[in-house]
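Encoded as structure tokens, the structure appears first; notes follow it.
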Amino acid sequence: MRRTLLVLTVFFLLSSVVFGENDPLTKLKDFTMAYFKPQSGKVLRVEGDKVILSLGEKEGVQSGMRLRVLREGAPFVHPVTREVIGTLEATVGKIEVKEVLPDSSTGVMVEGTVKEGDRVRLSETKVRVFFCQGKNIDWYLADEYYRKLKATGRIEMIDTAIETDNEAKILEEAKKAGAEVALLLTGKEAEKSTLIRERLYWVSDGSKFIDTERKIDASYEKELKFGEEYFTPTTGEAVTTYDLPFGARFVVSADVEGNGHREVVMSTGNILRAYVPGADLKFMWEVKGSPGENHLWLDAVDINRDGRDEIVVTAMKNNDVVSYIYGYDGSTIKKIWEGKYFLRRMGDGLIAQASAGPDGYSGDVFTVQWDGDLKLAEKVKLPEGINIYDFVVVPGEAKENLVLAYDDAGFLNLYDAKGLRVWRSATGNGGFLTTFKRQETGAIYSGSGSWSVKDRLVQRNREVLAVNRVPLVEMAKGIGYKKSQIKDYWWNGFSMEESLLIDDIRGSIQDYALAGDKVMVLTSPFMGVKFDKILKGENPLGVVLYIYSITGR
């Protein structure tokens, strides 16, 4: 399966438009999620083909819901005291609910066996749902509903690039993907509205358990598309842009105040600036570093689990490396930690590596614990020579993680759990932007005795995004880049596959960030100058922030 790139315009950049709990898609989401509400009960009786359960309307049971049948087995004995501390349960079948009464319900077996006294359960584990939208449904509606389902935390969404109403084809692809449920969303025009239809199927046998329609008023669709007319992309280009009058090197998405509204935080080199996206970028706050400071990395993560993202900065200062962590105290942004480590986000936490000053990285990479201060915890198992900004961890088979890492030449390499290289990209990334010569502070493009801050590798589900820059002249990469790309890599269990996610980005990508299904791409024009601005008599310096929307695979 492939990921579909939709270069679309969005007025609100980082989150779905909020319409309140009574909007039609929220109601549809609530209706659908009722079929996956965790349940636990008993088999009261077995009457021929019918199974009577202790669960009913009061527990929220729905006709069409499927429950696992569990049977008690041998007792579980404490290995020392030999006391019985419980009994083992084994899954022996599956029941589909057919009729629901206030205090009970009736079902039929769809798998296995059942007897009186067996337990039935719908667990809290995520349901794997294969999401497919038909060709005739508005993308904005489908995308908004997709987000609402995913935000429940009960759904593990399996995306698809196919657009079809063919139920057999959908079930075939869903089975290949290992999905439990297939969801088909279609639409048709009605008077001043759209009628959307949702169908859900149990993939194992193709049984349909939801088939419902909802009327979506034109005003609702208009709000979803609000701002589209201002940012309509031209053919082959992404023109959803913020033309920045200043230079910027890094960009992240962060909810610094913990209010559910994500900000765009950028580094200009030694200044952090935060904005709220809209028709324009609305300035929020600024943190100035010292004049001799040069930022090397920027991240955002909620390290103290208070619902607010902290901003993490690593910089070169006075020929040495130092990192800062900034947090919001309810009124202002202030520095809450400083130390001489390289820092980077990994998952929902931080990792750290010691600094050798102008000689770059020193020693192993460690996970970080935070209790008001930063403390090194466990060593991160990495192949030899891999440093903190070089890699991401890729899920492998049998719970053995793989490591995908840049080498100094800009090639991507995949290492197995033993540290052996099993794959290398066919081409390099076009060169890194931040490279230092040991014992010197001047930036260079190549040469021995140097170390680099590699490009950001971003994980999206089981896939990894990476930057590729195409030089103007291949043999003289320092001259500049005619365009950039974002590539998509994923491990299929046997080999690493690669595709283009975003192509033909003008100039050089400085940095990029993922925010849901939105990608913010910070770019610098050729040679750092916007020549069209010169002709207009405007400031030719600065960068451009492009916004892309991606969906599916």
Side-chain angles (χ1 to χ4, degrees), residues 1 3-6 8-37 62 64 126-165 167 170-171 173-174 177 179-190 192-203 208-228 260 460-461 515-518 549-553:
M1 295 196 301
R3 185 190 304 277
T4 303
L5 170 65
L6 299 178
L8 295 172
T9 303
V10 289
F11 183 78
F12 293 106
L13 169 63
L14 301 174
S15 61
S16 299
V17 182
V18 179
F19 298 94
E21 292 302 314
N22 293 320
D23 76 81
L25 291 185
T26 294
K27 289 182 177 180
L28 179 59
K29 178 262 297 180
D30 292 340
F31 171 81
T32 302
M33 295 310 300
Y35 285 80
F36 306 112
K37 180 183 177 182
Q62 305 291 323
K126 289 187 176 182
V127 182
R128 288 175 57 83
V129 175
F130 186 86
F131 186 93
C132 182
Q133 62 189 65
K135 296 180 180 180
N136 56 351
I137 188 168
D138 188 295
W139 181 87
Y140 290 89
L141 287 174
D143 183 64
E144 183 69 4
Y145 187 55
Y146 175 99
R147 293 174 181 278
K148 289 181 181 295
L149 287 175
K150 195 171 183 179
T152 65
R154 286 284 288 140
I155 301 295
E156 181 182 343
M157 202 70 81
I158 302 174
D159 303 333
T160 175
I162 65 171
E163 293 183 349
T164 179
D165 296 351
E167 296 178 5
I170 292 168
L171 288 168
E173 293 298 322
E180 183 179 354
V181 173
L183 186 156
L184 171 60
L185 199 67
T186 59
K188 61 182 179 181
E189 291 185 4
K192 296 182 180 179
S193 63
T194 297
L195 200 63
I196 64 170
R197 181 183 180 190
E198 181 192 48
R199 283 165 278 181
L200 271 76
Y201 308 83
W202 296 113
V203 174
K208 181 166 61 178
F209 63 97
I210 289 181
D211 191 347
T212 186
E213 291 183 331
R214 292 291 188 276
K215 183 179 179 181
I216 308 295
D217 290 334
S219 59
Y220 183 93
E221 290 189 72
K222 186 176 181 180
E223 286 188 74
L224 281 177
K225 299 178 182 181
F226 181 68
E228 180 185 5
R460 184 174 186 256
N461 300 322
D517 286 334
K518 306 294 189 300
S549 181
I550 54 176
T551 186
R553 182 192 293 182

Closest non-hydrogen contact found for Met33 with Arg154 is CE-CB, 3.4 Å
Applying side-chain contact (heavy atoms from CB on, under 4.5 Å), run through Asp165 and Asn136 and close with a yes or a no. CA-CA 9 Å; Asp165 296 351; Asn136 56 351; 4.2 Å; yes
If I take atom NZ from residue Lys215 and atom CG from residue Leu195, how far apart are they, to the nearest 0.5 angstrom? 8.5 Å
Kindly check if the number of other-residue, nucleotide or ligand heavy atoms within 6.0 Å of CD (Glu213) is above 12? yes
Please report the interatomic distance CD1(Ile196) to CD1(Ile216), rounded to the nearest 0.5 Å. 4.0 Å
Can you check side-chain contact (heavy atoms from CB on, under 4.5 Å) on Val181 and Phe36, steps first, answer last? CA-CA 11 Å; Val181 173; Phe36 306 112; 4.0 Å; yes
Identify whether the distance between the nearest side-chain nitrogen and carboxylate oxygen of Arg214 and Asp23 falls below 4.0 Å. no
Residue list, side-chain contact (heavy atoms from CB on, under 4.5 Å) with Lys37, at least two apart or on another chain: Gln39
Is Arg147 salt-bridged to Asp143, going by a charged N under 4.0 Å from an acidic O? yes
The side-chain hydrogen bond (donor to acceptor under 3.5 Å, both in side chains) partners of Thr152 (sequence neighbours excluded) come to none
Within this structure, what is the CG-CD1 distance for the pair Leu183 and Ile170, rounded to the nearest 0.5 Å? 9.0 Å
Who pairs with Glu156 by salt bridge (charged side-chain N to carboxylate O under 4.0 Å, His left out), at least two apart in sequence or on another chain? Arg128
Sequence neighbours left out, what passes salt bridge (charged side-chain N to carboxylate O under 4.0 Å, His left out) with Arg199? Give chain and number order. Glu167
Applying side chain to side chain donor-acceptor pair (under 3.5 Å), run through Thr194 and Lys188 and close with a yes or a no. CA-CA 6 Å; Thr194 297; Lys188 61 182 179 181; over 6 Å; no
What are the two closest non-hydrogen atoms of Leu171 and Ala182, and how far apart are they? CD2-CB, 4.2 Å
Residues that Glu198 engages under side-chain hydrogen bond (donor to acceptor under 3.5 Å, both in side chains), provided they are two or more places apart: Thr32, Tyr145
Sequence neighbours excluded, the answer for salt bridge (charged side-chain N to carboxylate O under 4.0 Å, His left out) partners of Arg197 is Asp211
Side chains of Phe130 and Val203 in contact at under 4.5 Å (non-hydrogen atoms): no
Taking C-beta and beyond as the side chain, do Tyr146 and Leu185 meet within less than 4.5 Å on heavy atoms? no
Is any side-chain heavy atom of Gln133 closer than 4.5 Å to a side-chain heavy atom of Thr186? no
Identify the two heavy atoms, one from Ile155 and one from Lys126, that lie closest to each other, and give their separation to 0.1 Å. O-CD, 4.0 Å
With heavy-atom distances below 4.5 Å as the criterion, would you say the side chains of Leu200 and Tyr35 are in contact? no
Rounded distance (nearest 0.5 Å) linking atom NZ of Lys208 with atom CG of Leu184: 9.5 Å
Do Tyr201 and Phe209 have ring centres separated by under 6.0 Å? no
